[in-house]
Structure formats: structure tokens, C-alpha cells
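Every chain is numbered from 1 and lettered A, B, ... according to where its sequence line falls, protein lines coming before strand lines. What's counted below: heavy atoms across the whole structure, side chains too, no hydrogens, waters or symmetry copies.
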Amino acid sequence: MTENDITLTVNGTEHDLTVEPRTLLVHALRDELGYTGANVGCESSLCGACTVDMDGDAVKSCTVLAVQADGTEIETVEGLAEDDEFHPIQEGFQKEHGLQCGYCTPGMMMTAKDLLERNSSPDEGEIREALEGNLCRCTGYQNIVNAVEFAADRMDADTAEDVAADGGTATIDDSDVGRTEGQ
Amino acid sequence: MSMDTIEADEVDVSDVLGSAIERREDPALITGEGTYTDDIQDPEMAHMAVLRSQYGHAEIESIDTSEAEAMDGVIAVYTAEDIEETGTPGDLPVGWLLPNLKTPSHPILAKDRVRYQGDGVAVVVAEERYVAQDALDRIDVEYDRLDAVVDPKAAVDESAPQVHEWEDSDVQSNQAFDWEIGDGDATDEAFENAAHTVSVDLENQRLIPNAMEPRATVAEYKPGTEELEVFMTSQNPHLHRQLMSAVLGVPEHKIRVVAPEVGGGFGSKIHHYPDEALTSWCSMQLKRPVKWQATRSETYLTDAHGRDHITHGELAMDEDGTITGMRVKTYAGMGAYLSTFAPAVPTYLYGTLLSGQYDIPAIHCNVIGAFTNGAPVDAYRGAGRPEAIYVVERLVTLGAREMGMDPAEFRRQNFVPSDGFPHETPVAVVYDSGDYEPALDKALEMVDYEALRERQAELREDGRYLGIGFSSYIEACGLAPSELAGQLGAQAGLWESGLVRVHPTGKVTAFSGTSGHGQGHETTYAQIVSDELGIPYDDIEIVEGDTDEIPQGMGTYGSRSAAVGGSALVTSSQKVVEKARKIAAHLLETGEEDIEFENGEFSVTGAPERSMTIQEVAQQAYLAHNMPEGVEPGLEETSFYDPDNFTFPFGTHVAVVEVDPESGEIEFEQYAAVDDVGNQINPKIVEGQVHGGIAQGIGQALYEQAVYDDNGTLVSGSMQDYAVPKAEHIPHMDTDDTVTPSPHNPLGVKGVGEAGTIAAPQAVVNAVTDALSPFGVDHIDMPITEEKVWRAVNESEEGS
């Protein structure tokens, strides 16, 4: 079978690799590059366990060909935390008990990130709708919804803090500040 | 109501038990660092793929593997013949035997005949995953197709196609067993004397577990030491080691089984399947590591399915609505072979729970087990108990309707009274403790029942149909004791081991034979050990899931981990404290009886300044310079805890739905759950287990069903065709609890893993049928689709 040379930038690191035209992005990430955070649950785009961010959009990496991803910037769950600080979404999942077995969790969090980048304060219905492509069999979804709400509040508070630090006039909700202390 | 989690360092050791501490499992899982089986890589690794029968029933006429073998990158192709040639036993054992049970041979690769779609026919081992899959297409199998049977009731008809040929029996039949429990004569008498009776014909549909992580195995045989190392998706590594030893003929002590992170199980990762043995066998032949990773379509075809009952149930009542008897006949589909614990599920885990929360003087239950051309059926979350409570709670709901009584009050009237415990049922179990009315009362309060009934009546005036469904459930957890299980046919004990090792520094490693797969055992077990030893939570490490590290174990299923595994850790911790007390008494120069132990400190009664911490004692125990006579150095203890009885959690769930009779749509208005699982070690984890269980129960009530066509072809063979509920399908759940400790285990816990799955289905079905009662609709089989609602309304007298 013919092979293709491609370049993937994963969590800021550039990788050159050679793949078959049919190699799935998730297998290139997991088997070739060792980013095993994205999990394979169904190989048919239905469960979402393999969701990663590709050039700013959440995609199911089990139905994207690695060659289609040539030259893109990929972010996986391994890239969520910064400087050993959990991303607010990770914090939300832990604080709100938004996971049990954890297999769907990386994909869930990448979808949540995509949602919050488009809509910084989604209501419960919008969160449930956004998560429709990510199946979870353990949690009953309720605490996942709570986790995303937690992250939205936290990210709002962080933004407000940034604005305030820049001399802006944003006010910070006391309850939000309280929740972020000691993290 | 949402409960906040607490960081571990905010909790004092005296409050550690019962606190909603954040899970210590989470940091690895939310950063992608957790290692699941498929995450294991090795440059030497080969990949196995299984060729599976596409037919439900067929003779294998020939298998030609030559073209596959000739492919670049293919290392080997094996069939049943190759396995036979190596002298490997190659047959999966049955772990629970019933009287007169027919036990067909279940080879790990089919030899002459395939009996369900997905039955393995050959395996390919290749250098790469994709090549192994490619090579499956190049294996040429000639089949002669046979008629199939998939319905368990039709399967025991004399004219049905035969799934197995019985060489040692004159009677050719698909009947695997004919089992009964209870007193038939007394029950018949109750029905003869009854003032009122109701009956129902119902199906408890076949389900597919759908753990998010498909099953997987990585096996490495090391010829130098003749050791086999197996990493796999297991709920019970020691049991898998034992069963695999029998299948492969490798001594148990030469096999190491490790369950790394396991992405959910729900029962499906208890059983021994052909695949892990095949992966191991291939590694033994090729002397290199071999990985097998199931695809989702393989899990649909081959994960042991759940439920599959066809039941006729009857309830007898006297003039005032007091239940006097119950009669149940069930046809249980077993699939093509008997999976590991399959015979126990529709019998001892089902028939024994038919009394529910009620004081019923006479019960009789007859279960016919039937072989069919479907995937083997075995334990799926709840295992037998959801099927039982579904029958009970449907009958009780119909009984209330027959009597013209409020369904909550009908239940209350028939509950085992709070002073009636321990309560012996007519179906051979003794409920340890219970107090059913407070749970019901709380649930009624949560939904504001009286106001809800008023609103229901008002809405009906406007042609809107609100339904309120009750489910007062009971379950049996922590299966026990081993002696009884043995008498009933179990080929395994039901104890659990726990080892507590206090290190010289005062830190602790505790080992449990259970094996969590999402339940948060590392957190809850550390809470238990911290509480017993008075050693800070963060100083305690928990190890599970590795047969080389843990003395022995039975694994995690049937909500046994806290009640049995947790109790083993308590017993071992108490032994540690007793040994440490001896050493402390010796060092503090007083008698053992004068030593008090509290929050990790030993002190002399009446002289609290003369004291030592348990950490100081541990250090002295390892220095061993000054030990009391007859006491060995070191500070670690092991115990094998065998429970005296099952535990019996209970509760009442209420579903409130609105049904549109025109379109058949069902919309949740409320879901309230009150569960009594005994003492709670970590209430946040309990809440999470309840949520997840309810979601699977609602999945069964409204969405999920494994469907075979008449040829034994699985029609619901993908997530496109089998409706695993999504976030939008599951309503907001309000949860609350009552606490009635179990009197016979040291933690007073009962178990929570299956509660929601047992409770939810009939709460929803009762709600839908309550909504449709003006149309005279008594029953709709699960899953209640919009079409079924529409048909029920249109076919009813009032609706037509």
C-alpha cells in the first residue's frame, strides 16, 4: 500500500510521520505518536470517546483520515492542562464527579471545550444538546452537565479577573471567586 | 440537589468515613494518563483479529486460510484444528451448575458448527492491526446454513431447530434447565381462595451492556520462565486467571492477570470469553506479545447480553387488597452457550427476589432456560434482580389498579413492616434489615404527590396525560455466604481478601481482591482504612487488579465491593490494630487491656500522656529490637472475609412523565429517587452510582433492545441501531436517601452499584401506563417506543 508523509502539530509539538492513506487520525495519534488520551469507542463517529480539537473544531478522530489532518494543529486531552494547572473543564469534571470509568472523559472534555469557546454561558439544555455526540455509560450525564457549568462559571470568573487586572471595570461575582480559591 | 465534593486534605481522620472526598482516580483520567489495555504498546507486539460467523446457525464445511497466510505482514492463521493439535483443553467452563443442567461444550473456536452470529471461526495474527483485519476477508469459509431460533419460548418447542446435539441424552431439546422455587401447592391454594387476581404477560428484553471501552487483551508468554502475563479488561482478574488456567492448561501460578484502567463493565467483563484465551494461546505459539482489541461491532455480537425473559406473572389478593400469593413462569434465553455464571442469573438471582418489599405468604416461580441462536446471556448490571423487581412492581401496580387503590397506599399496605426484620421470604432469602415506609414517604414528598395527583386530574380535563410511576425495589447485594453458594451450585467462593500493610514509615498500602472499573474504589477503600487505622487518608495507597500483588480475590460485580471487599479491609485493619496494641502495651509497659486506641494513637487508660502513635508502633515493629514475647516483627495482616448473608438495599423511585397519545412521545417531568444503601462511605460516589444506574434503567425502559431476526442475525448491531441513551435522553434526577445499616457487616453498608438499574425500568413503565390509564392501557413492553404507545392507545377500547 502507498504511504504518505504528513505533519501533525499535536499540543504544540510538530511531528513528521508516514501513514497509509487509510490510517485513521486516532490511530496515528495513539499508535504512531503515543497520545493515548483519545480513546476508541465505536470507530463510527457515534460515541465521541476519540474527540480531539483540529484547527479549533472538535472532531471525531476515528472518522478523520490522518492524511486529511496533514498540516493541522491538533489538541488532545494531554494538552488541556497548562503549566501543571488543570484546565477549568478538567477541574469541573473532578469537582462535580463528572466521570467514573473515565473512558469517554477525554472526548467529553474536548467537546465541552468546543462548546464553551462558542458559547461561554450555555444553559442545561444547550449543554445536553452539545454533548449529544458523546456517549457516557457510567454517570447518567447529570454530573457531566454540572461539570461543564462549573467550567463555564470558572472561565467567566477568570476572564473577569483578567479584565480587572488590565484595569477594566468588570466585577467579579463573589461566589465564583470563592469557588476558585485554593485550587 | 447537588452535593459538593471535598478535597482530601480538608478532612480530618475522624471524619474521613462518610465524607464526599474528591476521587483520587480522577487526575490520571482527566489528563489522559490512565492506561487502558489498548494503550499498552510494545515494539514486539503482534495483533490478533477474530473471524466471526456472519450466520446465526450453520455447519462449517471447510475453512481455507491459505490466501490469508500468504499476505505480507500476516504471521499466522489458526483454526480450531490448530488448537486441538497442541493438546490445549480449549473449552470454556461453566461456573454455576443447576440440577439437571445441560452444559454444552463451548470451544474457544467453533469446530464443526457455528451457533450464533459472532461465534469465532479462525484467528489471524499480523504485524499490524489493519493487516490482521484485512486478512480476515481472505479466509474462505464454506457454510451450510441451518434454521435458527431466537425466541426463548419458541426455542423449547419440540419443532424448534436444535442448537445442540446431545450425545448422552435421548431427548433432543433446547431446554437447558427447568428450575423452580417456592411452594407450588400453597401458592395454588392462595389463588383458589383469592378475592381478586391480576396477571400480566411481559418481556424483559435482551440488552447489550455497551461499556464504553470494548473488551481487549494483551498477552505475553515468556518462554524462559514459562510465564504468561495477561493485561485485560477484567472485573475479576483472579477468577480470570483461574478460568484461563483451565482453558489453556497453564498452571495458575504461572499466569499473571492484570486489569489496568477498565472502561466500564456492567457485568460484561466478569465472564471468561474465548478471546482472552485465544490471545494468550497465540502468544504462547508465537512467543511474542499479542494484542486483541475488540471493535464496537464485535462487542455487540459477543459481549454477554443481559435479561431476555418472557414471563407470565399473577398476583392474588384478598378483599381488602392484601397480597396473598404470587405465581410466576419465565422462559429465559441463555443464548447459544452457557456463559460463565449464566445459570445463576435467571434462577437464584431472580426467583429469590420475587417477594420484593412485600410480605407475601406464598410464592411459586418456575424458570425454563432455553438455548437459542443468540449471543450467550449472562449477568448485566443487576443480573436477575431487575427482572424480578420488574415483574413484582408491574403486578403490584396492576393489583392497586384492580383494587381501585392509590398505588403508593397499596404498596404501603403490603410492605414488610419495619418491625418485621429479619424477614424470611417464601423464596429462600432472609432480608437483613429494612424500613420501607420512610423511603416511600420521602419520595412522595419530593414529587409533592398530592398536588401532582390534582394536577394530573386537571390536565386530563384538557386532554393532557400525566403519569406517575412508582418503583419500590429491593435488591440482594454482596452475594454470600460461600457455603450456601456451594450448595446452590456455585463453582466459586464468595469471600473477598484484603491485605493491609503498614510500612516502617507509617504509610500504608492496602490490597483488595475486588477490581474496580469506574466505581472509585481507591478513594472509598482509602477512606475505610484511614478510618480504621487513624492514619491520614493521603498516606494510604490502594492496590487492586493484579494477581501478582494481591493474595487472592473474587472481583467486582453484584455490588459486592464495599460490603465484602470493604469488610475484608476492615477485618485486616482491625488485626493490624490488635497486633500494634500488643506492641504498644509492651513498649508502654502496661497490659493490653489498659491500652486505648483512638484516631491513630495508643494511650494508657487514665494516663493519656503515656502514648504512642500507630506510626511509631509500626517503626518499632520493623526495628524489632524490643518486641513482646511471641509477636513476630512487621505490621501487616491479611483476611479472607466471608459474609454471613446478602445485604438488601431498597428504596422508592418515582417517575413523572407526560405522554402524548397522538404522537406517542414521552417527556419526563420529574425523576425522584430515594435509595437506602445502608451506611455511605462516600456520598458523592453513591450519588454517582445512583445516577448512572438510573440512566441504564431508563435506557431499558425507553430505548434499548438487542434484536435478532429469525435467522439469528443481530439487527441492532451498531450504535446507529441500538439506542444507548444520550445526554438529552436522560432527565435531571433528584436523589435522596434513608440510612438503614446492614446489621451483619462491620461497615453497615449494603451496596449501590445496581440500585438505579433495578429501580428505574418499572418506575418509567408504571408512569407511562398510569398516564394512559384513561385509555385502558395496562401494559406496554419495553422499550416503550413512540410507536408502541401509539399502537397501545389505538388498539385499546377507549382509544379506538
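- Tyr36(B) places none of its side-chain heavy atoms less than 4.5 Å from the side chain of Thr36(A).
- Contacts between Pro27(B) and chain A at a heavy-atom distance below 4.5 Å involve backbone atoms as well as side-chain atoms.
- Here the side chains of Asn143(A) and His691(B) are in contact, with some heavy-atom distance below 4.5 Å.
- When every heavy atom of Ile208(B) is checked against every heavy atom of Arg137(A), the shortest pair comes out as O-NH2, 3.5 Å.
- Residues Cys47(A) and Met719(B) meet the side-chain proximity criterion, which asks for heavy atoms closer than 4.5 Å.
- Interface remark: Thr139(A) contributes backbone atoms only to the contact with chain B (heavy atom separation under 4.5 Å).
- For Ile685(B), the parts sitting under 4.5 Å from any heavy atom of chain A are the backbone and the side chain alike.
- Minimum interatomic distance between Glu96(A) and Lys684(B) (heavy atoms only, all atoms of both residues): O-CE, 3.9 Å.
- Contacts with chain B were tallied for Ala38(A), Gly133(A), Gly140(A), Gly79(A); Gly140(A) has the most, counting heavy-atom pairs under 4.5 Å.
- At a 4.5 Å heavy-atom cutoff, the contact between Ile730(B) and chain A is made by backbone and side-chain atoms alike.
- Here the closest heavy-atom approach between residue Cys101(A) and residue Gly263(B) is recorded as SG-C, 3.3 Å.
- Two rings, from Tyr130(B) and His27(A), have their centers less than 6.0 Å apart.
- Contact of Phe266(B) with chain A is made through the side chain alone, with heavy-atom distances under 4.5 Å.
- Within the 4.5 angstrom heavy-atom criterion, only backbone atoms of Val262(B) (N, CA, C, O) approach chain A.
- The closest side-chain heavy-atom distance from Leu29(B) to Gln100(A) is not below 4.5 Å.
- Leu135(A) has its side chain within reach of Met212(B): a pair of non-hydrogen atoms, C-beta onward, lies under 4.5 Å apart.
- Here the side chains of Val77(A) and Thr31(B) are not in contact, with every heavy-atom distance at 4.5 Å or above.
- With a threshold of 4.5 angstrom between heavy atoms, Gln41(B) approaches chain A through side-chain atoms but not through N, CA, C or O.
- Nearest approach of Ile30(B) to Gln90(A), heavy atoms of both residues: O-NE2, 2.7 Å.
- Heavy atoms of Asp72(B) lying under 4.5 Å from chain A are absent altogether.
- Within 6.0 Å of CD in Glu667(B) there are 12 or fewer heavy atoms belonging to other residues, nucleotides or ligands.
- The contact between Glu128(B) and chain A is made entirely by side chain atoms (from C-beta outward), counting heavy-atom distances below 4.5 Å.
- Gln689(B) touches chain A through backbone and side chain together, each having a heavy atom under 4.5 Å away.
- For Pro731(B), the part lying near chain A is the backbone, with the side chain staying farther off; criterion is any non-hydrogen pair under 4.5 Å.
- Both the backbone and the side chain of Gln720(B) come within less than 4.5 Å of a heavy atom in chain A.
- Distance check: His97(A) NE2 to Arg23(B) CZ gives 5.5 Å after rounding to the nearest 0.5 Å.
- Arg30(A) is listed as a side-chain neighbour of Asp38(B), based on a closest heavy-atom distance under 4.5 Å.
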